Amino acid sequence: MAFAELKQRHSVVWGNGPYERITNTIRDIHALVIERIDPKPGERVLDAPTGTGAVAILAAARGADVVGQDIAPVLIDTARERAEQEGVTVQFEVGDAEAMTYDDASFDVVLSTCGVMFAPDHEAIAGELARVTKPGGRLALACWQPNTGMHDVFKMMAPFMPPPAPGAGSPFAWGDRDHVSELLGDSFELEFEEHDSPLTLPSGEEYWELFSTSYGPTKTTIDGLDPDRREEFHQAWVEFGAARREGDAMVHHREYLLTLGMRR
């Protein structure tokens, strides 16, 4: 199934806002992915989709030869700026992770942190992940789990957003062991870990400020609403945060599945 129009939209939506503010809230996930995958000096590493390049930069800092790919040109521009600031070299490229141009078996390590899950054609991207990984190569995918944490955010957002594209797989299915095993089990020996990446903020209002200005899907949704509907969205988000109060702060527990694989 072709999703060309949807992917064109993604290339714009994910670049709508300073997305690095969002990726900075999951530095714990970035660190764990790097710890588990343990990229070595000289290994060829692919981070796709890379977003603003946080994990790619960490892998490069360990001496790996890193390629970071994303469908959103604005995110790639930010990733290049961040790599320059960190003093590391990463080959950042705009591209479609469902149809990569890299040779078969060209990477020792393939990884993605909360990125691969948003590609609409799960079978296509799973096939590409397997195709570009060398036999014996390593895979690491961190994806939000269904019916928890970030999925709850998208459920809260759903009444204000356009309906999902027909035929597109749910992003949160990548947080389900059975679904991932069906997609990748023939190509990889798989292991799974479940983790939580809690987001702590002073209040639901601060949560709204962060996502309404910096998270592409949220900001794009707001841009398309009339003032009354925008205020309804605002209040729904603040109430969502208020319901997650723990002591003096809002704590949103964001559960995710870490998939680790070795290419057969």
Side-chain angles (χ1 to χ4, degrees), residues 1-23 26 46-56 67-83 90-103 107 110-132 141-144 150-151 153-175 179 183 211-226 229-230 233:
M1 179 176 292
F3 295 105
E5 184 177 344
L6 175 61
K7 289 190 284 189
Q8 177 59 35
R9 184 171 182 271
H10 281 184
S11 72
V12 176
V13 165
W14 288 101
N16 185 13
Y19 186 66
E20 63 273 18
R21 291 187 69 205
I22 303 298
T23 59
I26 57 171
L46 172 66
D47 180 21
T50 190
T52 52
V55 177
V67 175
Q69 184 198 73
D70 202 279
I71 201 168
V74 171
L75 299 188
I76 289 297
D77 288 344
T78 301
R80 288 171 177 155
E81 292 172 3
R82 296 184 76 175
V90 179
Q91 182 181 332
F92 284 115
E93 302 174 340
V94 176
D96 182 356
E98 292 181 1
M100 293 189 277
T101 59
Y102 310 118
D103 292 339
F107 293 97
V110 175
L111 49 84
S112 177
T113 304
C114 306
V116 67
M117 60 185 290
F118 289 103
D121 190 332
H122 293 192
E123 288 76 14
I125 198 166
E128 285 295 87
L129 294 174
R131 183 184 66 80
V132 302
L141 307 174
C143 300
W144 302 120
M150 282 304 295
H151 196 185
V153 169
F154 274 76
K155 289 177 183 177
M156 179 265 292
M157 291 173 58
F160 304 94
M161 300 179 73
S170 167
F172 300 96
W174 281 94
H179 184 70
L183 290 171
F211 272 68
S212 65
T213 62
S214 306
Y215 191 60
T218 305
K219 188 173 184 297
T220 300
T221 298
I222 294 166
D223 292 344
L225 298 176
D226 63 48
R229 193 71 172 137
R230 190 176 303 149
F233 192 18

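All of these numbers come straight from a predicted model, not from anything done at the bench. Heavy atoms only: backbone and side chains are in, while hydrogens, waters and symmetry mates are out.
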Q.
A side-chain contact here means heavy atoms from C-beta on lying under 4.5 Å apart; do H10 and P49 qualify?
A. no
Q) Is the H151 ring parallel, tilted or perpendicular to the F172 ring (thresholds 30°, 60°)? A) parallel
Q.
Between R82 and T23, does the side-chain contact (heavy atoms from CB on, under 4.5 Å) criterion hold? Intermediate values first, please.
A. CA-CA 12 Å; R82 296 184 76 175; T23 59; 3.4 Å; yes
Q) Under 3.5 Å, side chain of R80 to main-chain N/O of G53, donor-acceptor pair present? A) no
Q: For side-chain contact (heavy atoms from CB on, under 4.5 Å), just list the numbers for V153 and W144, CA-CA rounded to whole Å, side-chain angles, deciding distance to a tenth of an Å, and then say yes or no.
A: CA-CA 11 Å; V153 169; W144 302 120; over 6 Å; no
Q: Ignoring hydrogens and angles, tell me if any N or O in the side chain of E20 forms a donor-acceptor pair with the backbone of T78 under 3.5 Å.
A: no
Q: Mind checking side-chain hydrogen bond (donor to acceptor under 3.5 Å, both in side chains) for T220 and listing every partner two or more places apart, or none if nothing turns up?
A: N16
Q. By ring-ring contact (aromatic ring centres under 6.0 Å, His included), which residues pair with Y19, not counting sequence neighbours?
A. W14
Q: Going by the side chain to side chain contact (heavy atoms under 4.5 Å, CB included) test, name the single residue among I71, D96, V94 that passes it with S11.
A: I71
**Q.** Nearest heavy atoms of A48 and V116, plus distance in Å
**A.** O-CB, 4.4 Å
Q. How close do E93 and V67 get, heavy atom to heavy atom, and via which atoms?
A. OE1-CG1, 4.1 Å
Q: Could you pull out all residues at least two apart from T50 that satisfy side-chain hydrogen bond (donor to acceptor under 3.5 Å, both in side chains)?
A: D47
Q. Can you say whether the rings of H122 and H179 are parallel (under 30°), tilted (30 to 60°) or perpendicular (over 60°)?
A. perpendicular
Q. About how many Å separate CG of L183 and CG of L129, when rounded to the nearest 0.5 Å?
A. 9.5 Å
Q) How far does OG1 of T221 sit from CZ of R230, to the nearest 0.5 angstrom? A) 11.5 Å
Q: Look at the side chain of T218 and the backbone N and O of S214, then say whether any donor-acceptor pair between them is shorter than 3.5 Å.
A: no
Q. Can you find a heavy atom in the side chain of V13 that is under 4.5 Å from one in the side chain of F118?
A. no
Q. What's the shortest heavy-atom distance between T213 and R21, and which atoms?
A. OG1-NH1, 3.0 Å
Q: Ignoring hydrogens and angles, tell me if any N or O in the side chain of E128 forms a donor-acceptor pair with the backbone of M100 under 3.5 Å.
A: yes
Q. If every non-hydrogen atom of G51 is compared with every non-hydrogen atom of D70, which pair is closest and at what distance?
A. N-OD2, 2.8 Å
Q: For residues I26 and C114, report the shortest heavy-atom separation together with the two atoms involved.
A: CD1-SG, 4.2 Å
Q: Could you grab the distance from atom CG of L141 to atom CG of L111, nearest 0.5 Å is fine?
A: 8.0 Å
**Q.** Nearest-0.5 Å distance that lies between atom CD in E81 and atom CZ in F92
**A.** 11.0 Å
Q: Please indicate whether R229 has more than 12 foreign heavy atoms, meaning atoms of other residues, nucleotides or ligands, lying under 6.0 Å from its CZ.
A: yes
Q) So, for R131 and Y102, which heavy atoms are closest and what is the spacing to 0.1 Å? A) NH1-O, 2.7 Å
